[in-house]
Amino acid sequence: MSTTIYKKLAHKPFRIVGGDGVWLHPENHAPLLDACGGVVVTSLGHCHPRIVAAMKENADKITWAHAASFTSDAAEELSEFLTQRAGPGLSHAQFLSGGSEAMEVAFKVAYQYHCERGEPGRQHFISRRQSYHGSTFGTLAVSHNLARRGVFDKILPPIECVSACNAYRGQQPSEDTPAYVTRLAQELDALIQRLGPGTIAGFVAEPVVGSTNGAVPAVPGYFKAMRDVCHKHGVLLILDDVMSGMGRTGHLFSHVEDGVSPDILAIGKGLAAGYQPISGYLIAPHIHDTLLRGSGVLQNGQTHVNHPFACAVALEVQKTIEDEALIQAVNVRGAQLRAGLAALAARHPFIGDVRGRGLFLGIEFVADKATKAPLPNGAKHAAALKQAGFDQGLLLYPGNGTADGHEGCHILFAPPFIASQEDIGELLSRFELVLSQCHDNMVADVNALPASKIQEKV
């Protein structure tokens, strides 16, 4: 028996013994083509020689230094690198260890900002349905991922949510995109007014929703409209780019495609591409200036803030992505993957939607393409798809509860940026075998549904 705690306590995962490029090498198992970057992390793949060299070089410099007393060239240069590329709307950055930490501190900064402006009553955050922002109590409290709230739901404070921006499930047949955007903006405005504008600290959203329902992007104009509503009421726009950022969607920061600049932006996963645990958040000048002119002290302290070694590795990762034109590659390979998935969807009876941006793509399974009725027994099929992936030498990232938190399932695709045309072709070939392996069980479950259930729209 292992003394290590795993997510599934009675199930010991594969022992990993190596990796190179887009391939993982589990012990006593054929190599796995990484179709999802682990969990949308390994944008440079495994054992990239430039990053390995940077890690060796920086290991000889400094182990650790407390950020309250020291800074480092790496932290300063990484902050400068990111803020220069974020545009004038985001001026300062701080680095932490994981995405949940970055979001947690983002909420704390938002509230402190309001307090130092003389509005301590702004104590609440508005989120969206089918959202996820982290695993701490604070971040889970503003998330609407029902499965992850799970057993903790009863002790979490009430959450105020508006509708997700999900054109596949939320846009009415009679609505064009501007009308859909207007309806969603009016919904946010009405909620803020009902709760009282002076009680709301921020509105939080993922630019492209990730693990909860599989790479759902906002429709054009959505974030501009939501930003305008927020700023009308003095509410901060907080964007969670932890999964979708750092080049994954075809821009260094995914909100660039939406034409907005948030007040606070959280980043993570791809920041150091898995070579070091590191995340961060960026803030707008007006937030920094308010804190500077007020108490002058950020009311937060954590052990590994601005970790010199982690910052050095993240900086080298970001320079490598830029020097090797990998964001351009994301767009090229993303178009190839999307076209391949769309071709599979045309042949497969239960793939209802292919969506996403760049190399951040998802497919949603349905029982009926016309009504979009969710595929039944989503959790069972998500597990079967993952196992079939292992059988076919493909690491997949499935999820369930896709349609409404309870029903349906999806797969999220996020291969490393270094994937070649041949790698994407191999991914698609192996995934077609996965679909074939799971097809009969999907058919059986759909056939067992009452006709009335198939005709329901979720």
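Since the structure is predicted, the reported quantities are computational estimates derived from the model, not experimental observations. Values below: every heavy atom of this structure, side chains too, minus hydrogens, waters and symmetry copies.
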Is a side-chain N or O of [X] found less than 3.5 angstrom from the main chain of [Y], in a donor-acceptor match?
X: Y168; Y: K372; result: no
X: S72; Y: P308; result: no
X: T139; Y: G134; result: yes
X: Y222; Y: Y180; result: no
X: Q336; Y: Q421; result: yes
X: N58; Y: A54; result: yes

Anything under 30° is parallel, anything over 60° is perpendicular, the rest tilted; go ahead and classify H133 against F107. perpendicular
Using 0.5 Å steps for rounding, measure from the [atom1] atom of [X] to the [atom2] atom of [Y].
X: R129; Y: N213; atom1: CZ; atom2: CG; result: 13.5 Å
X: I126; Y: I159; atom1: CD1; atom2: CD1; result: 10.5 Å
X: L140; Y: S100; atom1: CG; atom2: OG; result: 9.0 Å
X: L44; Y: E324; atom1: CG; atom2: CD; result: 7.0 Å

Is the Lys NZ or Arg CZ of K319 less than 6.0 Å from the centre of F81's six-membered ring, within 45° of the axis? no
Stacked cation flag R148 on Y132, 6.0 angstrom / 45 deg: yes
Decide yes or no for [X] and [Y]: does some side-chain heavy atom of the first lie under 4.5 Å from some side-chain heavy atom of the second?
X: T83; Y: L282; value: yes
X: S295; Y: Q112; value: yes
X: L96; Y: Q302; value: yes
X: L239; Y: L237; value: yes
X: T212; Y: S131; value: no
X: L236; Y: I287; value: yes
X: V22; Y: I418; value: yes

What I want to check is whether the side chains of [X] and [Y] have a donor and an acceptor closer together than 3.5 Å.
X: Q94; Y: Y281; answer: yes
X: T136; Y: E104; answer: yes
X: T71; Y: E76; answer: yes

May I ask you to decide whether [X] forms a salt bridge with [Y], counting only side-chain N to carboxylate O separations under 4.0 Å?
X: R85; Y: E80; result: no
X: E187; Y: R183; result: no
X: R293; Y: E116; result: no
X: D323; Y: R50; result: yes

Could you go through F203 and V162, starting from their C-alpha distance and side-chain angles, then the distance that decides it, and tell me whether this counts as side-chain contact (heavy atoms from CB on, under 4.5 Å)? CA-CA 10 Å; F203 168 64; V162 292; 3.9 Å; yes
Closest heavy-atom pair and its distance - [X], [Y]:
X: D241; Y: S244; result: OD1-OG, 2.5 Å
X: T249; Y: S254; result: OG1-CB, 3.1 Å
X: P398; Y: A382; result: CG-O, 3.3 Å

Tell me which donor-acceptor pairs under 3.5 Å the side chains of residues 341-350 have, and how far apart each pair is, sequence neighbours excluded?
{"unit_1": "R347", "atom_1": "NH2", "unit_2": "E432", "atom_2": "OE1", "d": "3.3"}
{"unit_1": "R347", "atom_1": "NH2", "unit_2": "E432", "atom_2": "OE2", "d": "2.9"}
{"unit_1": "H348", "atom_1": "ND1", "unit_2": "F350", "atom_2": "N", "d": "3.1"}

Tell me if the CG atom of D73 is crowded by more than 12 foreign heavy atoms within 6.0 Å. no
Could you walk me through whether D34 and T42 pass the side-chain contact (heavy atoms from CB on, under 4.5 Å) test, one step at a time? CA-CA 9 Å; D34 188 354; T42 56; 3.2 Å; yes
Taking the six-membered ring for Trp, are F413 and Y397 ring centroids under 6.0 Å apart? no
Please confirm whether the ring centroid of H304 lies under 6.0 Å from the ring centroid of F95. no
In a table with atom names and distances, give each donor-acceptor pair under 3.5 Å that connects a side chain of residues 356-368 to protein atoms at least two apart or in another chain.
{"unit_1": "R357", "atom_1": "NH1", "unit_2": "D258", "atom_2": "OD2", "d": "3.3"}
{"unit_1": "R357", "atom_1": "NH2", "unit_2": "A218", "atom_2": "O", "d": "3.3"}
{"unit_1": "R357", "atom_1": "NH2", "unit_2": "D258", "atom_2": "OD1", "d": "3.0"}
{"unit_1": "E364", "atom_1": "OE1", "unit_2": "R355", "atom_2": "NH1", "d": "2.9"}
{"unit_1": "E364", "atom_1": "OE1", "unit_2": "R355", "atom_2": "NH2", "d": "3.1"}
{"unit_1": "E364", "atom_1": "OE2", "unit_2": "R169", "atom_2": "NE", "d": "2.8"}
{"unit_1": "E364", "atom_1": "OE2", "unit_2": "R169", "atom_2": "NH2", "d": "2.7"}
{"unit_1": "D368", "atom_1": "OD2", "unit_2": "A370", "atom_2": "N", "d": "3.0"}
{"unit_1": "D368", "atom_1": "OD2", "unit_2": "T371", "atom_2": "N", "d": "2.8"}
{"unit_1": "D368", "atom_1": "OD2", "unit_2": "T371", "atom_2": "OG1", "d": "3.3"}

Output side-chain donor-acceptor pairs under 3.5 Å for residues 224-233, partner residues at least two apart or in another chain, one line each.
{"unit_1": "H231", "atom_1": "NE2", "unit_2": "D263", "atom_2": "OD2", "d": "3.1"}
{"unit_1": "K232", "atom_1": "NZ", "unit_2": "D189", "atom_2": "OD1", "d": "2.7"}
{"unit_1": "H233", "atom_1": "NE2", "unit_2": "D189", "atom_2": "OD1", "d": "2.8"}

